[in-house]
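Notes to accompany the following structure.
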Amino acid sequence: METMKQLSREKNKVKIVQILKDYMLVLFVILLCVVFNVINPKFLGGSNMQNLLRQTAVNAIISIGMLIPIITGGIDLSVGAVSSFAGVLVAGFLTNNGMGIWPACILVMIIGIGIGAFTGFLVTFMNIAPFIATLAVMTIIEGIKYIYCHSVSIFIVNERFMDLGSGSTLNIANPIWLMLIVAILMQLVMSKTVYGRSLYALGGNRNAARLAGINTNMMIFSSYIVSAVCTTFAGLILASRLGVGSPLAGATTVNNCIAGVVIGGGSLAGGRGKPSMVLFGAFVIGMVANFLNLMGVQSYTQKVFVGIIIILAVYASERSKSKKA
């Protein structure tokens, strides 16, 4: 009887430790909020938190999309170029071509899907390394973007479209709702569907996944389409919030999103990561940037902090992986 009780206590301890590991990032975010608020009481103010979440929404959506190719063992460096290209395109369609909101947005999303398909084609069917393929796509999109807008920002005058990023529902900014919807949908897809489980299996061991009957090429191909869809959608939100399609937007997106994925538990080696945790990873990056802004720290100095965070996050991720092995 005593042995059974001891085994039960051991199991409970293991469960508690596992829960703490799984939600360590959530606890860290809470701790960070407390520390930042002690240093600057404005941090947890209602208006600042709303602003923080609104600013984080775009990077969070892109990070969640980027997680999908990362789970397969790849990466998508084109997200910054694609998001700003989406903003420039929708601004041009609305302002210069006089298109309606829905046709403009749908056309931009189709173009985004095409970009993702092209990237997936380079990686899977042409066997180009994801780093090189997405770097090439980034360069191509950057060039097309500047050609399209003639290196000039395109202002948006359609107020209905601007409600997407600047409006609110139930006193909560629309980008926050959209971020939560994307996070919940992607979490359900990755945890409850055959597609999600297949991606994890592929990232964990590609040969084993192939032997299990998974079409690895098509899974990798689709992962870049998912990334492009999330990135394009985020670009529409950003253009709507700013009221302008700027070719300069998204300059630091790649760094912030990689940091968000890694902090959220995603492994650059593939096979690991949850959209829900990536949401918190992106939130950490947003919190640090917001806090440094409140403290009057220059943007260039903020990049130093983000770089340090990326190094620490990758180091912690690799340490965790080696211990499990």
Side-chain angles (χ1 to χ4, degrees), residues 13 15-64 67 165-166 168-180 182-184 187 234 237-238 241-242 251-266 273-320:
K13 285 181 181 179
K15 286 181 180 178
I16 292 171
V17 171
Q18 188 60 46
I19 290 172
L20 288 174
K21 284 183 178 180
D22 291 342
Y23 295 98
M24 184 66 72
L25 181 59
V26 179
L27 297 175
F28 177 70
V29 168
I30 294 172
L31 177 63
L32 212 58
C33 284
V34 173
V35 172
F36 284 171
N37 195 64
V38 169
I39 298 174
N40 192 325
K42 293 180 180 180
F43 182 76
L44 287 180
S47 59
N48 185 61
M49 288 306 296
Q50 181 98 243
N51 184 49
L52 167 59
L53 289 169
R54 188 189 297 111
Q55 291 176 340
T56 302
V58 170
N59 281 344
I61 293 172
I62 297 174
S63 297
I64 290 170
L67 171 67
S166 302
S168 61
T169 304
L170 300 177
N171 293 323
I172 297 177
N174 289 334
I176 300 173
W177 288 114
L178 295 171
M179 172 183 68
L180 293 175
V182 170
I184 292 170
Q187 180 63 35
I237 296 172
L238 181 61
R241 184 168 68 84
L242 298 177
T252 59
T253 299
V254 175
N255 295 339
N256 291 339
C257 291
I258 291 175
V261 170
V262 175
I263 292 171
K274 297 179 180 178
S276 57
M277 289 296 102
V278 170
L279 181 66
F280 282 96
F283 190 53
V284 169
I285 298 297
M287 286 172 61
V288 172
N290 180 269
F291 175 73
L292 293 175
N293 281 331
L294 289 176
M295 299 301 293
V297 178
Q298 291 183 342
S299 60
Y300 299 113
T301 307
Q302 292 179 25
K303 291 182 180 180
V304 175
F305 283 94
V306 172
I308 293 171
I309 290 171
I310 292 174
I311 292 171
L312 294 175
V314 172
Y315 176 74
S317 176
E318 292 306 312
R319 286 269 296 182
S320 174

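Numbers here simply count residues along the sequence, with the first being 1. Here the structure is a predicted model, which means the values were calculated and not measured.
Within the 4.5 Å cutoff, side-chain heavy atoms of L53 are placed close to those of F283. Inter-residue side-chain proximity for I61 and I237 is flagged as met; some heavy-atom pair is nearer than 4.5 Å. Annotation: side chain of V58 is in contact with side chain of I62 (closest heavy-atom distance under 4.5 Å).
With sequence neighbours excluded, no residue satisfies side chain to side chain contact (heavy atoms under 4.5 Å, CB included) with S166. With sequence neighbours left out, the side chain to side chain contact (heavy atoms under 4.5 Å, CB included) criterion links A173 to Q50, R54, P175, I176. Legend: residues meeting side chain to side chain contact (heavy atoms under 4.5 Å, CB included) with Q55, ordered by chain and number and at least two apart, are N51, R241, N290. Shown here are the side-chain hydrogen bond (donor to acceptor under 3.5 Å, both in side chains) partners of N255, two or more places apart in sequence or in another chain: there are none. Scored by the side chain to side chain contact (heavy atoms under 4.5 Å, CB included) test, S168 finds no partners at all (sequence neighbours excluded).
The two residues I263 and G281 have their closest heavy-atom pair at CG2-CA, 3.8 Å. Heavy-atom minimum distance, G260 versus I285: N-CG1, 4.2 Å. Scanning both residues, A60 and L279, for their nearest heavy atoms gives CB-CD1, 3.9 Å.
Judged purely by atom type and a 3.5 angstrom limit, T301 has no side-chain atom pairing as donor or acceptor with the backbone of V297.
With rounding to the nearest 0.5 Å, the separation of CG in N59 from CE in M179 is 11.0 Å. Here the CG atom belonging to L52 is positioned 12.5 Å from the CZ atom belonging to F291, to the nearest 0.5 angstrom. In this structure, N256 CG and S63 OG are separated by 8.0 Å, a value rounded to the nearest 0.5 Å. For the atom pair CG of L238 and OG1 of T253, the computed distance is 7.5 Å after rounding to the nearest 0.5 Å. Residue L67 holds its CG atom at 11.5 Å from SG of C257, rounded to the nearest 0.5 Å.
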Determine all donor-acceptor pairs shorter than 3.5 Å in which one atom belongs to a side chain in residues 28-44; sequence neighbours excluded.
| unit_1 | atom_1 | unit_2 | atom_2 | d |
| --- | --- | --- | --- | --- |
| N37 | OD1 | L44 | N | 3.1 |
| N40 | OD1 | K42 | N | 3.1 |

Side-chain donor-acceptor pairs of residues 305-312 under 3.5 Å, sequence neighbours excluded:
none

